[in-house]
Every structure is written in structure tokens, then in C-alpha cells.
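We name chains A, B, ... by the order of the sequence lines, and we start the count at 1 in each one. All values below were derived from every heavy atom in this structure, side-chain atoms included, with hydrogens, water molecules and symmetry-related copies excluded.
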Amino acid sequence: MITFEGVTKRYPDGTVAVDDLDLEVPTGAITVFVGPSGCGKTTSLRMINRMIDATSGRITLHGRDVREIDPPTLRRGIGYVIQQAGLFPHRKIVDNVATVPYLLGWSKKKARTRAMELLELVGLDPGLAGRYPFQLSGGQQQRVGVARALAADPPVLLMDEPFSAVDPIVRASLQDELLRLQSELRKTIVFVTHDIDEAVKLGDTVAVLRVGGRLAQMAGPATLLTEPADDFVREFLGRDRGIRRLSFISAKEVRLRPAPSDLATDEAGRPLGWRTGDELAAYGTFDPESDSLRAALDAALLSANGVAVAVDEDGRVRGVAGRDAIDELLAEYAPPPAPSPAPSPPPSQGSGPAEEAPA
Amino acid sequence: MSQEPLVRWDWIARNWANGGPTAISALLENHIVMAFLPVLFGLVVALPLGLACVRWRWLYQPTAAVMNVTYSLPSLVLFSIFLSVTGLTRSTVVIPLTFFALAVLVPAVVDGLASVPDPVRQSAVAMGFRPVRRLLRVELPVAVPVVLAGLRVATVSSISLVSVGALIGQGGLGNLFIDGWQRQFYTPIVVGIALIVLLAVLADGLLVLAQRLLTPWSRARRAA
Ligand SMILES: Nc1ncnc2c1ncn2[C@@H]1O[C@H](COP(=O)(O)OP(=O)(O)O)[C@@H](O)[C@H]1O
Ligand SMILES: [Mg+2]
């Protein structure tokens, strides 16, 4: 676990980049720091590995004040990934990845073997090992950056806008890759971004920072979308919060009924369309095992008759769900009633410090 | 003047290796030594000096100022100054040329270190490099292309400047010019020019080759 206790950073020119920050970064989960440019995200991140020292307050890592640890030693135990990858241009990919193992004094053979494993882990062709960074695409370089950060198997990973400089398609695949890796590795990750969609997609917990380095709200992504602490957070989250929140509800619980006879299928049982006279009309599908309620609703909206088709991983029809079935689940996950008029207790999920229990 | 050919090959054949100090081969050898020693000394001094200028930024301005003033002085003036100290020796040419080389190489080292991209330096820090190792393993190697470019300029200009030393009798191949002018006999002049150009092209080619071998990673980066 990483804790910030009353951490303030004032630069020599008087800029207060981080102001009295208190927060806990849980072990084995992804915590995202998100906020507009200049709100102190990078500064907060770099105070963890002491690339920047806090002006006051303290940061602890596994219960130890980071200031008690010699910086290079501290850093070798913390993976770090930055936006431009920052690969060493004069070193081959394999040696870039093996950087920290070399620093830790591993033999060349062991370090390179480890580097090759990591290239595979992050989904890179081992044939790239002998290339130089300039011979790789931006997305590939970023993967190498992640592999390099993971090389010595540090328990903690700091990532500063690692996917901001690549195009949206590559970014989405890098994000998916990170989630897949994390489901295997269970690292303690602090991920910095200015992109709220990325924050909501990746974060187990999202800390929203406002300019001046103050914490606006810290909560799980679904809570954040339903219960933004104030106008700043609400605005920062942007439009369609209600719909976006459905991404966090599994479609598993959607009540399915057997497919009616007007759903045409092929021999394998895959849907072809809704029969309307001689024509086949449009249909939408979702996989209840892996998709969200948002996908189920989307499938219903894409179907000519408003009925979503549930399929298994091979695309075979498992049943259908009408709007009624989707509505049932929507009702179940409706946001809690607004706390202000009724003297009911505040929402139990942890929100930001801006919320106070009624006296 | 009689109708003489521009180049008299028989003169070249007779004087290529006549055993004396004015043999063309001896002058060539002299020229090579006097051109390369300053570059070598220059590099040895420029590395620590350049590093110091990066480490203590205030040092760079005055250092650069001294270098530029030195560079603007006609080489002959410097030779004359050192003539009174070191006499009619090679040092009288080598020492001033070392200053000229420094004037190119110190900025090359400083610019080379400045050419290290910020993310590269920062990720080295974040990986846990200590300062000296970071300098030796990351920053200096990444600075090599810029330093080598400076080395090429310093080498070629050193090769050409040595000839001016002929005015104090220590000019390597430059002595052939004096000889030719004094006798209104063009063959030595042509030979001198040809050999100096050849030497410069050869040295530059070797440095380009060294650059290819030392920094295979920087070739396409420039093209990009
Ligand atoms: N070295 C520095 N000196 C002075 N001010 C700085 C320095 N680094 C960052 N700042 C300022 O501190 C604030 C926070 O910066 P930063 O942590 O980089 O924000 P973010 O990563 O959220 O964009 C900004 O106003 C920035 O201009
Ligand atoms: Mg930043």
C-alpha cells in the first residue's frame, strides 16, 4: 500500500503543485490519478519514487517513509512508464527491457532470458528483441516501456500518461492489454491520465484532482459516475454518465427467455435476423458471460423489434432479452436516492472528502 | 616563363622519399602528426570541460566566450605568440591548433549532452541509475553522434590549418606551397593541395565509418 499523508509540493518559484494530499493507494489494484493538465498528477506520481521530494507531509510505501530509502534503491523496486516511452535509443530492445535487472547485478544471460519472457508477456514478437527503438512503432515502443518497467518484477508500477501519445485504436488495445496483464500480475499500479474515459476504464479506484493539486473525489468508477461529489467532478466526467455507468454492471443477471420462432438462425444456431415477411430485419447481440449491461441495452436498441439476442462465445443463440428484462436490471441498479432532502444516511460507498456525514 | 607542364611527375618521383626532411613522404607524415595530435588533445580536454560546463551551467558562458575569441584569431597570430615560447618546433603549431579543436569540441560535447532527450534521461533516473553510471551508460553514448559530428569538423579544419604553420617552417605539406611560390614552380603546390584534400577526405571517411559502427542506432533517426 502507498499512502499520502498531508503531502504538499511547492516548487521554488512558488507554484503549489500538490496541496495537502491525503490518500491511500490499495495494494494489488489500479488507482488512477485523473485531472486537467497542470493539476499536479505528474508531481504526485514522482514524489512516490522520489524523482521529486515533497515539501511537507509524508509518503509511505509498504509502511516505510520513502524518504528513509536511498532513491536509486527505491526506484529499482518501482516500475516506471512514461508517455514517450523514453527507451534508450542506443540499446537494443532486449537490453532496454533488461535495464533494471542489469542494474540489480543479474548476469547478462539471466537478464536477457527474463527480458525475452517479458516481451512475450506484453504481446511483442520476440523477433523484435534485436532491433533498436527507432525501428519500432509508437505502440510497440510503449509495450517495450511496460516490459522494461516490469522486468525486475517490482510490486509497484507508476505509469504517467503512458498511452496518451498513440492513436486511439492502439491506445484501446494497450489499455486492454494492461487490464489482461493486471489480472495475472496483481501489481499495485498508480496510473496518471488526463483522459476521464481511460480513468474510468482502467481504474479500480479513481482519484480526481483539481488544479492546485487538491483531491476532488476518490471513488470506484461506477460510484464516481453516479455520485460525483461536486460540479467540478460532474463537469469533468462529461456527458452520458448514466449510460457509461452501465459498463460496470454485468449482463449476466439479465433474465433471458427462449428465442422465439421468428428469430432466424443458421445450422450452427447463429442468428441471421428477425423474420418480417420475406425479409430479415436487423438484430443486436450480446454475450451475457463477458458483456456489460450497456452492451445488452445497445443490442436491444440495434434490434428492429427492440429485443436483444444473447449469444455464447461462439456466437450461438442462447436466448433473447426484451426491454422489460433489461429494465428490471436497470431498476435494480438505479442510483441511490439523493441524500439532501431526506434525513437518510449518506451513500455507503466511499466518496471524496467533499462529502460530509450529516451532523 | 617557359612552357612547363603543370605537374612534373619526375620531380614527384625524385622527391617522394629522398631521405631528407623535405621529402614529400616526410612532410606528409609530419602533417598527419601535427593535424591529429591537436584533435586528440582537444578531445581529451573537451570531454571533462564539456561535462563541467553542463554540470555547472555558469561555466559555459565564459568558456564559450574564450573559445570563440580564440577561434576568431587568425591562426598565424597564435603561431607567432607561441613561437616566442616554444620556438621553431611542432608544439608551436600543435598547441594553437589544440585550442582551435577545443573551440569546436567543447560545444560539441555540451550540445551532445543536451541532445539526450528528456524522457530518456528521466527514465534512466526512474529506473534507478546513479549519476555517474547514468552519464557513462546512457548520456555519453547517446551524445556520441553529435560529438562525432564535431570531431569531423575539428579534424578536417585541423588538417587544413596545419599548412599555415609553413610560415614558421612547421607546416607539413604546407611547406610545399612556400617552396612552389618561391620558385614559381607549380608541381609542389599541386602535390600539396592534392595530398591535403586526400588526407581530409580520408580522415572524414574514417570518422563516418566509425560513426556507422559506433552508432548503428542513430542512422535512421536522422532520416526520420
Ligand atoms: N519544476 C517545476 N517548477 C515549477 N513549477 C512546476 C514544475 N513542474 C511542474 N510545475 C507546475 O506544477 C503544476 C503541476 O504540474 P504537473 O505535476 O506536471 O501537472 P500534471 O502532470 O497534472 O499536468 C503545474 O502548474 C506546473 O506548471
Ligand atoms: Mg503530467
Side-chain angles (χ1 to χ4, degrees), chain A residues 42 45-46 48-52 69-93 95-105 130-138 141-142 144-145 148-152 154 157-162 165, chain B residues 47 50-51 54-58 108-151 207-224:
Chain A
T42 297
L45 198 69
R46 291 188 172 181
I48 298 173
N49 72 355
R50 293 194 59 190
M51 288 171 77
I52 296 172
I69 310 170
D70 161 58
T73 310
L74 173 73
R75 292 170 192 150
R76 288 171 198 178
I78 300 178
Y80 194 89
V81 187
I82 53 178
Q83 185 177 335
Q84 305 86 339
L87 300 182
F88 299 151
H90 62 300
R91 291 206 179 162
K92 292 183 174 163
I93 298 305
D95 294 318
N96 260 286
V97 175
T99 301
V100 180
Y102 287 150
L103 284 174
L104 292 172
R131 300 228 184 139
Y132 288 102
F134 78 83
Q135 295 168 306
L136 269 55
S137 72
Q141 292 193 22
Q142 217 41 264
V144 175
R148 179 173 69 171
L150 289 169
L157 210 55
L158 308 180
M159 309 180 81
D160 193 349
E161 312 223 14
Chain B
L47 274 174
L51 287 174
V54 171
R55 174 71 183 75
W56 297 286
R57 300 208 67 97
W58 55 266
V109 171
V110 172
D111 293 347
L113 289 170
S115 78
V116 178
D118 227 28
V120 169
R121 187 176 286 114
Q122 277 169 3
S123 60
V125 172
M127 298 291 125
F129 278 84
R130 291 179 200 282
V132 172
R133 191 160 178 172
R134 191 175 86 220
L135 181 70
L136 296 179
R137 294 296 181 79
V138 180
E139 297 180 3
L140 281 177
V142 175
V144 163
V146 177
V147 176
L148 274 181
L151 207 57
L207 283 169
V208 170
L209 194 69
Q211 185 166 5
R212 292 264 161 107
L213 294 176
L214 282 174
T215 64
W217 49 271
S218 80
R219 232 178 298 173
R221 215 167 56 136
R222 267 173 290 132

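Looking at every heavy atom in both residues, B:Gly128 comes nearest to A:Pro72 through O-CB, 3.6 Å. Scanning both residues, B:Pro216 and A:Phe134, for their nearest heavy atoms gives O-CE2, 4.0 Å. When all heavy atoms are compared, the tightest approach of B:Ala126 to A:Arg75 is O-CB, 3.3 Å. Between A:Gly86 and B:Ser123, the shortest heavy-atom contact is O-OG, 2.7 Å. Across every non-hydrogen atom of A:Leu87 and B:Val120, the tightest pair is O-CG2, 3.4 Å.
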List the steps, then state whether side chain to side chain contact (heavy atoms under 4.5 Å, CB included) holds for A:Asn96 with B:Met127.
CA-CA 11 Å; A:Asn96 260 286; B:Met127 298 291 125; over 6 Å; no

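Legend: residues meeting ring-ring contact (aromatic ring centres under 6.0 Å, His included) with A:Phe88, ordered by chain and number and at least two apart, are B:Phe129.
For A:Tyr132, the part lying near chain B is the side chain, with the backbone staying farther off; criterion is any non-hydrogen pair under 4.5 Å. With a 4.5 Å cut-off on non-hydrogen atoms, A:Ile82 touches chain B through its side chain but not through its backbone. With a 4.5 Å cut-off on non-hydrogen atoms, A:Leu158 does not touch chain B at all. With a 4.5 angstrom heavy-atom cutoff, A:Arg91 touches chain B only via side-chain atoms. Only the side chain of A:Arg46 has a heavy atom closer than 4.5 Å to any heavy atom of chain B.
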Tell me which donor-acceptor pairs under 3.5 Å the side chains of residues 131-151 of chain B have, and how far apart each pair is, sequence neighbours excluded?
unit_1	atom_1	unit_2	atom_2	d
B:Arg134	NE	B:Glu139	OE2	2.9
B:Glu139	OE2	B:Arg121	NE	3.2

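Contact count versus chain B (heavy atoms, under 4.5 Å) is highest, among A:Gln83, A:Arg76, A:Gln135, A:Gln84, for A:Arg76.
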